Amino acid sequence: MSRATMTRAIALVLLPLLLSACGTAARSAADVGAEAPASPSAEPTQRTASGGAGFPVTVDAANGAVTIDRRPDAIVSLSPTATEMLFAIGAGDQVIAVDDFSNHPPEAPTTDLSGFEPNIEAIAGYGPDLVVIADDGADVAESLDDLDIPVLVAPAASTLDDSYGQIEQFGVATGHQADADALVQRMRSDIDEITTALSGAAEPLTYYHELDDTYFSVTSDTFIGQIYDLVGLRNVADDVPDDAGGYPQLSEEFIIDANPDLIFLADTRCCGQSAETVAERPGWDQIAAVRNSAVIELDDDIASRWGPRIVDLLGTVADAVAAQSGHARS
């Protein structure tokens, strides 16, 4: 992947649209989603009069009220996170095509469709009865609506509640409401178990989350930043002026001086970074995380999506905190 493509991917996949400041660095699992208004994609879903297996239904998505007349059996997903959600709720056999970045689960029908530069003719060529997108900057919803193809816009989540809301909406939209509700319940339960089983250090540990090898990072006001908040970590990036909507570019000097206890690499695949490459950076051997073998290599995709695998991300973070705090998770 070229640097230009990677940068665009970060901008469109990672950055929650219209992200607003949403709280402090000390919030519990129960109130992560309570301080910022939920995105339109997390609004309640309303059912219309029943018409065969619970349809039609109306979903209050980010692009407004979307009515789906019958159970969709030809879904096109142009959002990697939406693809993961659809398969996780049991709607995978209804998905006929996904975008070129939808690489999980492995059985997802990946195509050369682009979520960044949607081609209306190419999308319509699959004959979909539902299309899911994360961003509608290209007016995809309006164009496909003219072809009588319903579109759900499910933008990047700002909070965990946004993520849960999207899963529940997809459940209603695809005829898998019970499966979606069960998935959300499992996620809530797993997250609660992880956070309550981890007793924090006397002093909060600090961390640096690396998006790419030019030192772009995240603040606690981002969705990913809130995941770290759940286990009581303090973000070194919160100490710099933020004029990038929660995604500041730090300097090597700042990171070395900040001396984080933990370093999380979300650029292992895009940029080939590892604990070894970090240790080889000039001056980084002075950082506590490097000295104490606390450089954690993340899966870029898991660390950039807001679907069911956020539980896996939180588990990895919690394990790292436990190891550095001298505690073990039960």
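All values derive from a computational prediction rather than experimental measurement. Values below: every heavy atom of this structure, side chains too, minus hydrogens, waters and symmetry copies. Numbering starts at 1 and runs along the sequence shown.
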Item to check | Test item: E84 side-chain N/O and G307 main-chain N/O as donor-acceptor pair under 3.5 Å | outcome: no

Item to check | Main-chain N/O of S158 paired to D162 side chain as donor or acceptor, under 3.5 Å | outcome: yes

Item to check | Flag for D300-T268: side-chain donor and acceptor within less than 3.5 Å | outcome: yes

Item to check | Residues Y228, N235; criterion side-chain hydrogen bond (donor to acceptor under 3.5 Å, both in side chains); working and verdict | outcome: CA-CA 8 Å; Y228 288 109; N235 192 343; over 6 Å; no

Checklist entry - Hey, does Y247 have a side-chain heavy atom less than 4.5 Å from the side chain of V218? => result yes

Checklist entry - Can you tell me if D267 uses its side chain to pair, donor with acceptor, with the backbone of C271 under 3.5 Å? => result no

Checklist entry - Got a donor-acceptor contact below 3.5 angstrom from the D139 side chain to the E142 backbone? => result no

Next on the checklist: Under the criterion salt bridge (charged side-chain N to carboxylate O under 4.0 Å, His left out), I'd like the reasoning laid out for D190 against R188: C-alpha separation, chi angles, the key distance, then a yes or no.
Outcome noted: CA-CA 6 Å; D190 290 345; R188 290 183 183 275; over 6 Å; no

Item to check | Of V131, L130, I133, the residue whose pairing with L152 passes side chain to side chain contact (heavy atoms under 4.5 Å, CB included) | outcome: L130

Next on the checklist: Does any part of the side chain of T111, heavy atoms only, come nearer than 4.5 Å to the side chain of V98, both counted from C-beta?
Outcome noted: no

Item to check | Closest heavy-atom pair and its distance - S163, M187 | outcome: OG-CE, 4.4 Å

Checklist entry - Quick one: are R70 and D129 in side-chain contact, heavy atoms under 4.5 Å? => result no

Item to check | Close side-chain approach of D213 and T277, heavy atoms under 4.5 Å | outcome: no

Checklist entry - Considering only heavy atoms from C-beta outward, does the side chain of I263 approach that of L265 to under 4.5 Å? => result yes

Next on the checklist: If the threshold is 4.0 Å, N to carboxylate O, is there a salt bridge linking D261 and R291?
Outcome noted: no

Checklist outcome for this item: Minimal heavy-atom distance between M85 and P308, with the atoms involved, is CG-CD, 4.0 Å

Checklist entry - Hey, are D212 and T214 close enough side-chain-wise for a donor-acceptor pair under 3.5 Å? => result yes

Checklist entry - Do S114 and N119 pass the side chain to side chain contact (heavy atoms under 4.5 Å, CB included) test, and can you show the C-alpha distance, the side-chain angles, and the key distance before you say yes or no? => result CA-CA 7 Å; S114 172; N119 182 310; over 6 Å; no

Checklist entry - Without hydrogens or angle criteria, can the side chains of T316 and D319 be said to hold a donor-acceptor pair below 3.5 Å? => result no

Checklist entry - Given S102 and D99, is the side-chain hydrogen bond (donor to acceptor under 3.5 Å, both in side chains) satisfied, shown in steps? => result CA-CA 6 Å; S102 285; D99 69 287; 2.5 Å; yes

Checklist entry - Any link between F216 and V278 through a network of hydrophobic side chains (Ile, Leu, Val, Met, Phe, Trp, Tyr) touching at under 4.5 Å? => result no

Checklist entry - Is a side-chain donor or acceptor of Q166 paired with a backbone partner of A82 at a separation under 3.5 angstrom? => result no

Next on the checklist: With rounding to the nearest 0.5 angstrom, report the CG to CG distance, D312 to L298.
Outcome noted: 11.5 Å

Checklist entry - Would you say the side-chain atoms of T58 and T67 include a donor-acceptor pair closer than 3.5 Å? => result yes

Checklist entry - Do Y208 and F264 have ring centroids that are under 6.0 Å from one another? => result no

Next on the checklist: Using only atom types and a distance under 3.5 Å, with no angle test, would you say the side chain of D285 pairs donor to acceptor with the backbone of A279?
Outcome noted: no

Checklist outcome for this item: Between P118 and L78 the two heavy atoms that sit nearest each other are CB-CD1, 4.4 Å

Checklist entry - How long is the gap from CG on D238 to OG1 on T219, to the nearest 0.5 Å? => result 5.5 Å

Checklist entry - Does I256 share a hydrophobic cluster with V240, counting links as ILVMFWY side-chain heavy atoms below 4.5 Å and allowing steps through other members? => result yes

Item to check | Side chain proximity check, R71 to T174, heavy atoms < 4.5 angstrom | outcome: no

Next on the checklist: What I want to find out is whether R281 reaches E210 closely enough, with some N-O distance under 4.0 Å, to be called a salt bridge.
Outcome noted: yes

Next on the checklist: Aromatic contact between Y215 and F254, with the criterion being ring centroids under 6.0 Å apart: yes or no?
Outcome noted: no

Next on the checklist: Does this structure show an ion pair linking D301 with R269, if we count only N-O contacts that are shorter than 4.0 Å?
Outcome noted: yes

Next on the checklist: Restricting to non-hydrogen atoms, name the atom on R305 and the atom on I310 that form the minimum distance, rounded to 0.1 Å.
Outcome noted: O-CG2, 3.5 Å

Checklist entry - If you count the non-hydrogen atoms of other residues, nucleotides and ligands that lie under 6.0 Å from CD in E121, is the total more than 12? => result no

Next on the checklist: Are Q249 and S217 packed together at the side-chain level, in the sense that at least one heavy-atom pair is separated by less than 4.5 angstrom?
Outcome noted: no

Checklist entry - Can you check side chain to side chain contact (heavy atoms under 4.5 Å, CB included) on I191 and V311, steps first, answer last? => result CA-CA 6 Å; I191 288 173; V311 176; 4.1 Å; yes

Checklist entry - What's the verdict on side chain to side chain contact (heavy atoms under 4.5 Å, CB included) for V95 and T83, showing C-alpha distance, side-chain angles and the deciding distance? => result CA-CA 8 Å; V95 178; T83 298; 5.6 Å; no

Checklist entry - Under the side chain to side chain contact (heavy atoms under 4.5 Å, CB included) criterion, do L262 and L233 qualify, and how do the steps go? => result CA-CA 9 Å; L262 295 153; L233 292 178; 3.7 Å; yes

Checklist entry - Centroid-to-centroid, F101 to F116, below 6.0 Å? => result yes

Next on the checklist: Using a 3.5 Å distance criterion without hydrogens, assess whether the side chain of N259 forms a donor-acceptor pair with backbone atoms of A288.
Outcome noted: yes

Next on the checklist: Minimum heavy-atom separation for V231 and A318, please, with both atom names.
Outcome noted: CG1-CB, 4.1 Å

Item to check | Considering all heavy atoms, the nearest I123-L113 contact | outcome: N-CD2, 4.1 Å

Checklist entry - Can you find a pair of side-chain heavy atoms, one from L205 and one from R234, that are under 4.5 Å apart? => result no

Checklist entry - Is it true that V236 and L211 fall in one hydrophobic cluster, defined by side-chain heavy atoms closer than 4.5 Å? => result no

